[in-house]
Amino acid sequence: MPRSQLIEMTRSLIEYGRKDSMELADEVVRIPASSYTDPEIFEREKKQIFRRLPLMVAPSCELPNPGDYKAMDICGVPLLLTRQKDGTVAAMLNMCSHRGNPIASGTGNASRFTCGYHGWTFKNDGALIGVASPQDFGAIDKAAHCLTHFPVYEKAGLIWVTLDPNSKLDIADYLCGYDDLLEAFGFESWHLFSQRTLSGPNWKTAYDGYLDFYHLPVLHANTFGADFYNRANYFAFGPHQRLSTPSQFAIKVSGEDDMKIDLTEVADEDLSYEVLVQGVWTIFPHISIASFYGGGLRGAMISQLFPGDTVGESYTTQFYVMEHEPDDEEKIKAAHEQFDFLEIVVRDEDYKTGKRQHEALQSGLLKEVLFGRNERGGQVFHQWVEKLANASDAELVDIFAQESIPEAAE
Ligand code: FES
Ligand SMILES: [Fe+2]
């Protein structure tokens, strides 16, 4: 049961906090600096990681209604997501079967799409329903010229797609049970409040920043980090990792004053949602989720990171999702302030630093970078990137078939 699993994690965090300690990795790990700067490694990662593994392409609330669609371009693959009449999501190659022109762009609501080149028409489930001037074009089997479908999986209010139409990797296997835990957020019924896209450094440099708390009181000293702990414990589900502060206490925001609660005195059944999902939830290879309470309303920032055109570039879409849509001006203003604050932190602190770090690494004069015993998230992330970028398609399936075997009942 996910709640019992969350409680178990929380009790472990409380215990480490009570002892003023954290779980440490076995050793300091060294990563070649070239893994951030080598264009060949970067191209291999785009091909082997982003074009082969399930990616979380959209929160469900971005496509809430039948007919809603979104077109995206991910590492050179044009993707079209549509919400079907029956409520399921279709993920298709956004290329007309006539000569390859993308049939949709941006977002909107449509039950059919007409290609802007010669006017062929497709239903939003990908069926080809109209060939322009069919009497002149010549006979073709329409059923054989539908849009190509990608494997898709929707769970916990999130949508995953594998950009390989022939993938044999089961998306649920890939998630290693982590999707069951993500359901604790309840995103299925949440709302998309706002979104924006930021440019960042090399995708791994950017992602490293989501995987450690070590930097919080230093890099973010002037924004939110001054009083923050720099310790995180890591819970791994295959390559997916949740990181949380080991702490005996929780801060409850109530009215004007913050209340400090001693969690050792709280019974399991009274542990709140806020306490149970505390920290940052990353989804390999490119998502980070954290909770916020702008204006007193429950919200979460879902950051979705993709490699850019060159090894030193990435882009991140920040989705600010909220449990309830703010319904008065004051709450709307507070939610915007929360979201804008997060943009400033990521753009002017994390990514600005990442870009400088990347430029410096490009000099080639530092051979290795280090991940300490307190930075297990980064260690595990880089190990998985290496392992998956080098695995064959068949090995990939085996790796996750093994990972998804549930642990024996206690
Ligand atoms: S490319 Fe779409 S109708 Fe010709
Ligand atoms: Fe940061």
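Whatever order the structure lists ligands and atoms in, that order sets their numbers, starting from 1.
- Between the side chain of H145 and the main chain of D141, a donor-acceptor pair closer than 3.5 Å is present.
- For D350, the N, O or S atom with the smallest separation from the Fe ion (ligand 2) is OD1.
- For atom 4 (Fe) of ligand 1, the count of nearby protein N/O/S atoms, taking only those under 2.8 Å, is 2.
- Of the residues listed (R52, Q48, K168), the one engaging D393 in a side chain to side chain donor-acceptor pair (under 3.5 Å) is R52, and it is the only one.
- Side-chain contact, Q248 with R18: no donor N or O sits under 3.5 Å from an acceptor N or O.
- In this structure, the side chain of R373 does not engage the main chain of V29 through any donor-acceptor pair within 3.5 Å.
- Using bins of under 30°, 30° to 60° and over 60° for the plane-to-plane angle, the ring pair Y153/W160 lands in the tilted bin.
- Restricting H215 to its N/O/S atoms, the shortest distance to the Fe ion (ligand 2) is reached by NE2.
- The backbone N or O of I287 lies less than 3.5 Å from a partner atom in the side chain of Y207, making a donor-acceptor pair.
- Formation of a donor-acceptor pair under 3.5 Å by the S363 side chain with backbone atoms of A360 is found in this model.
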